[in-house]
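Read the structure below first, then the notes.
The structure presented is a predicted model; accordingly, all values stated were derived computationally and were not measured. All heavy atoms count here, side chains included; hydrogens, waters and symmetry mates do not. Below, chain A is the first sequence line, B the second, and so on; all start at residue 1.
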Amino acid sequence: MTKFDDLNSIQQEIVQNTEGAYLISAGAGSGKTRVLTNRVCYLIDKGVSPENILAITFTNKATKEMQERVTRMTDGKAFGLTIKTFHSFCAGILREFIYKFDGFDKNFSVYDDSNQKALLKKVINDLKVSDDIAKKCEYHISSAKNLGLDPDEYLKDNRYEPNIDTIVSVYREYQTQLKNNNALDFDDLLLKTLELFHDFPSILEYFQEKYKYIHVDEFQDTNLVQYKILYMLGIKYKNLFVVGDEDQCIYTWRGANITNIKMFIEDFKPKVYKLEQNYRSTKNIISRANLLIKNNISRIDKTLFTENDDGDEVSFKECYDEKEEAEYVANQVYILKSRGVDPREIGILMRISSLSRNIEEKLLNYNIPYVTSGIFKFFDRLEVKNVLAYLSMVVNPKDNANVIRIINVPKRGIGQTTIDKLESISRETGSPLTEIIENFRELDVSATIKNKIADFGNLIVKFNEEYKKKSMSDFAEFVINEAGLKDMYNSKSEEDLDRKLNIEQLISSIKDFEYENENATLIDYLESVTLQSSLEKKDDNEPSISISTIHASKGLEFDYVFLIGLEEGKFPLSRALDNADELEEERRLMYVGITRAKKKLYITRAKSRFLYGRREDTICSRFIEEMGIKVPKRQFGGFSSDYDDFVSNDYYSNNYKSNYNAHSNYSNGYSNNYGKSSFGNNLSKSNYSFDSSYSTKKQEFGGSSNNLNKLQSMNSKVSSSKKFDDFKVGVQVFHTKFGVGTIIKREDAEGNNYVSVDFGKIGVKTLSLNFAPLQILKK
DNA sequence: CCAATAACCTTTTTT
DNA sequence: AGGTTATTGG
Ligand SMILES: Nc1ncnc2c1ncn2[C@@H]1O[C@H](COP(=O)(O)OP(=O)(O)OP(=O)(O)O)[C@@H](O)[C@H]1O
């Protein structure tokens with residue numbers, strides 16, 4: 001028996017309409033994903049073979065989630081169902097059929113962003129393109145590819161663009177080198193698939209017959225090439241089921257285009273459904289979201305409503321600086337957790353990932369476990385990329401980029417001059433570098449160099465042999481050991497220990513993959529890694545809160561959401577400020593962030609922020625006022641520190657300066673001699689902008705308790721006052737104004753003693769024991 | 001010809 | 001602050 005979710009009558013009707021084209025244009029949290037999932041199950045329940053069903057999701061995370069849900073709901077009857085992202089769907093097709101294209105074989109590499117950039121840079125170098133033109137190439141190649149235009153077509157469409165000839169020649173050469181390397185970049189996965197369907201009608205027909213029922217989630221973020229693929233696949237049976245929300249289109253910078261929706265309406269004449277009831281969030285959250293998104297001019301008006309409770313008012317907290325912001329967030333999270341909130345229902349979201357660092361440090365401080373997504377890029381780490389390049393070199397020997405990357409890693413005494421020489425031989429003979437290096441005996445170079453190349457060549461030969469014999473994880477370990485990729489990092493420095501840990505982590509990720517995917521090959525692993533870009537976390541970790549970019553939080557939901565860094569220039573980003581379209585996209589992004597919250601939304605900003613090596617005073621984000629949140633008009637400057645919250649949630653209610661010193665003291669490790677006589681006047685650059693010296697360790701996967709210990713020992717160095725000893729964490733107190741509360745935090749600075757008290761409904765107050773009218777009720 | 005060091009530049013979001 | 005490139009020293 002298929003177990004369907006609860007559905008309202010419209011949702012129900014949508015799910016049971018199985019034939020024909022449908023467009024579900026619906027707001028955030030209205031159940032789009034739920035409807036799509038249930039429809040897939042309904043089809044299976046009705047007897048449609050899962051083999052005939054395709055569901056396209058936006059992220060790998062969403063793929064996994066939907067797969068699990070459908071499997072659970074259908075009692076495992078979903079076997080053979082295809083749920084994939086566009087890119088992995090295309091990659092799968094191309095593994096099978098790329099041999100149809102001259103020069104490619106099934107071992108092709110998929111280039112991620114950094115590989116792509118590296119190749120482009122090399123091409124620019126090869127063609128000796130001047131700097132100013134070079135800067136424009138990336139943009140042009142990417143827009144060409146997003147529109148599905150080859151170099152000639154792009155040239156024709158952009159005849160009047162300055163220097164277009166040079167730009168297009170770079171594009172052309174870039175494609176040539178990709179081909180020589182038997183490699184495809186992300187966009188090529190889509191483009192080559194389209195080309196395949198176009199050039200080989202029998203293959204297209206095969207897939208049209210196979211995927212009689214097609215579903216697409218997050219349709220508003222598809223680009224033209226993706227639409228064309230959908231069109232070709234779906235035009236025969238016209239069973240296309242597409243869901244999306246124009247207000248959540250946040251990937252236009254990657255070519256996403258909502259005119260896809262208009263084209264879909266014209267091409268398929270779908271039945272259109274609108275869902276406007278939100279089942280996720282409280283009334284307060286929804287009304288703020290509605291107020292914000294109304295500020296976008298170029299949008300079809302729709303207003304979300306909900307029958308959920310009013311819930312708590314959205315809270316807005318202006319902090320003094322990024323340290324205090326982090327402290328505030330960590331403290332609030334601590335309170336939520338101590339009230340029994342499931343950590344997995346807490347999310348901290350941000351526009352730019354660089355803001356996460358401070359938050360992570362404070363969370364470590366509080367001993368709050370967290371996972372990050374879209375922030376710590378495991379596969380971008382140099383030591384990890386090096387291992388992958390070695391493996392990729394063996395898998396796809398035609399790819400010169402790998403060889404160039406690792407020929408001198410670890411240092412073998414082979415420098416740029418030698419590499420250039422080898423490369424020119426490769427160009428002239430048309431043989432890949434691996435081949436040339438393996439046949440080092442024929443090289444015309446000095447004896448010393450030849451020896452060095454010989455060592456490397458012999459290594460490659462050995463790898464090629466073992467690759468055939470060993471399992472992929474054994475092979476990876478073999479490569480790491482033989483090439484000395486871990487021995488490179490043998491110093492006792494924290495960085496080196498980290499690097500070695502990452503390499504070990506990589507090995508276990510390969511083992512996991514091996515275990516989870518029977519019959520999978522190293523090719524599959526490498527592909528999944530480039531398509532995922534972040535390390536999948538295992539479930540057996542302790543329940544953690546999430547830190548994420550808003551982009552990466554697409555489609556997710558949390559009971560409690562913190563949106564941090566609401567400052568002009570940061571969110572909205574400065575680049576978007578003078579461009580109406582980009583500004584609207586920022587606003588949509590904010591809208592997505594707000595609508596992730598189910599129960600309560602906390603918004604914060606820092607009045608002064610240290611970022612990119614500079615400290616800057618900030619201006620409150622325009623989105624705050626657009627949401628109808630009143631910002632207290634208080635001048636920045638001096639040490640006045642009472643900033644009222646939108647709700648009465650004044651955190652550091654007393655003099656911030658002394659409080660700040662409290663932080664300085666433990667961040668530093670030992671006390672400084674300011675605080676008494678210099679009260680209120682020494683917030684000079686020097687004692688203000690220092691940073692604690694420990695390195696942040698990301699808790700994306702186990703380990704690194706190291707850091708915690710370090711922080712804990714720092715904490716213990718805080719000088720604790722002998723006075724007010726009874727005001728400990730957990731003690732119940734009475735305040736003349738706020739009533740009964742519980743101490744959740746105690747903090748002592750020179751001469752001042754602070755407690756944070758949770759007064760339940762009233763909120764949390766930080767009070768100075770020296771002044772506050774507090775009495776102990778119960779110890 | 002290669003490795004280590006010093007100056008320099010650029011900071012968004014991700015399949 | 002961090003990564004990349006130009007310069008110098010070996
Ligand atoms: N008919 C319903 N009854 C109760 N809960 C529902 C119903 N429909 C959806 N929900 C709940 O509402 C929340 C949002 O659903 P879902 O994630 O499918 O929305 P969505 O439209 O895809 O959201 P987004 O656009 O933000 O990705 C989920 O927690 C889901 O369980």
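A:Lys570 has no side-chain polar atom (N or O) that falls below the 4.0 Å cut-off from OP1 or OP2 of B:dT13. OP1 and OP2 of B:dT11 both lie 4.0 Å or more from every side-chain N or O belonging to A:Ser354.
Among the heavy atoms of the strands, none lies under 4.0 Å from A:Lys452. Using a 4.0 Å heavy-atom distance criterion, A:Phe86 is classed as making no nucleic acid contact. Nucleic acid contact for A:Ser446: none, since no nucleic acid atom lies under 4.0 Å from a heavy atom of the residue. Across all strands shown, A:Thr448 has no heavy atoms under 4.0 Å from either base or sugar-phosphate atoms.
Across the interface with DNA chain B, nearest-nucleotide mapping of A:Gln416 and A:Ala552 shows A:Gln416 to be the residue nearer the 5′ end. Comparing A:Leu573 and A:Ile449 against DNA chain B, the residue whose closest nucleotide sits nearer the 5' end is A:Ile449.
Checking B:dT13, B:dT15, B:dT12 against every side-chain atom of A:Tyr612, the shortest atom distance belongs to B:dT12. Side chain of A:Arg614, nearest nucleotide from B:dT15, B:dT11, C:dA1: B:dT11. Comparing B:dT13, B:dT15, B:dT11 against the side chain of A:Asp113 picks out B:dT15 as the nearest. Taking only side-chain atoms of A:Thr59, from C-beta outward, the nucleotide of B:dT14, B:dC1, B:dT15 with the closest atom is B:dT15. Checked against C:dT5, B:dT15, B:dT14, the side chain of A:Lys121 finds its nearest nucleotide in C:dT5. Distances from the side chain of A:Thr418 to the nucleotides C:dA1, B:dT11, B:dC2 place B:dC2 closest. Listed candidates were B:dT15, B:dC1, C:dT5. Nearest to the side chain of A:Thr417 is B:dC1.
Taking only distance into account, the side chain of A:Arg351 meets the base of B:dT13 through a donor-acceptor pair shorter than 3.5 Å.
The pair A:Asp113-A:Lys117 meets the salt-bridge criterion, since a charged nitrogen lies less than 4.0 angstrom from a carboxylate oxygen. A salt bridge links A:Lys145 with A:Asp188: at least one charged nitrogen is closer than 4.0 Å to a carboxylate oxygen. A salt bridge does not link A:Arg299 with A:Glu584: every distance from a Lys NZ or Arg NE/NH1/NH2 to an Asp or Glu carboxylate oxygen is 4.0 Å or more.
Considering all non-hydrogen atoms of both residues, A:Asp185 and A:Gln116 come closest at CB-NE2, 3.4 Å.
Here, C:dT4 and B:dT13 have their C1' atoms 23 Å apart, quoted to the whole Å.
Taking the 5.5 Å centre cut-off and the 30° plane limit, the aromatic side chain of A:Trp253 is classed as stacked on B:dT13.
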Give each protein N/O atom lying under 3.5 Å from an N/O atom of nucleotides 3-6 of chain B, with the pair distance.
residue	atom	partner	partner atom	Å
B:dA3	OP1	A:Gly413	N	3.4
B:dA3	OP2	A:Asn408	ND2	3.2

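One can place CG of A:Leu190 at 13 Å from C1' of B:dT14, the figure rounded to the nearest angstrom. Atom NZ of A:Lys117 is separated from atom C1' of C:dG3 by 13 Å (rounded to the nearest Å). The interatomic distance linking A:Leu224 (CG) with B:dT15 (P) rounds to 21 Å, in whole Å. B:dC1 atom P lies 14 Å from atom CD1 of A:Ile407, rounded to whole Å. Straight-line distance from the CG atom of A:Leu531 to the P atom of B:dT15: 9 Å, rounded to whole Å. When the P atom of C:dT4 is taken as reference, atom CG of A:Asp380 falls 11 Å away, rounded to whole Å. Summarising the geometry, the separation between CG on A:Asp217 and C1' on B:dT15 is reported as 15 Å, rounded to the nearest angstrom. For the pair A:Asn125 CG and C:dT5 C1', the interatomic distance rounds to 11 Å; values are reported in whole Å.
A cation-pi contact, defined as under 6.0 Å to the ring centre and within 45° of the axis, is absent between A:Arg254 and A:Phe186. For the pair A:Lys385 and A:Phe379, the cation-pi test (distance below 6.0 Å, angle within 45°) is failed.
Atom CG of A:Asp444 is surrounded by 12 or fewer heavy atoms from other residues, nucleotides or ligands within 6.0 Å. Annotation: A:Asp420, atom CG; neighbour count of heavy atoms from other residues, nucleotides and ligands within 6.0 Å is above 12.
Between A:Glu567 and the options A:Arg609, A:Arg605, A:Arg351, a side-chain hydrogen bond (donor to acceptor under 3.5 Å, both in side chains) holds for only A:Arg609.
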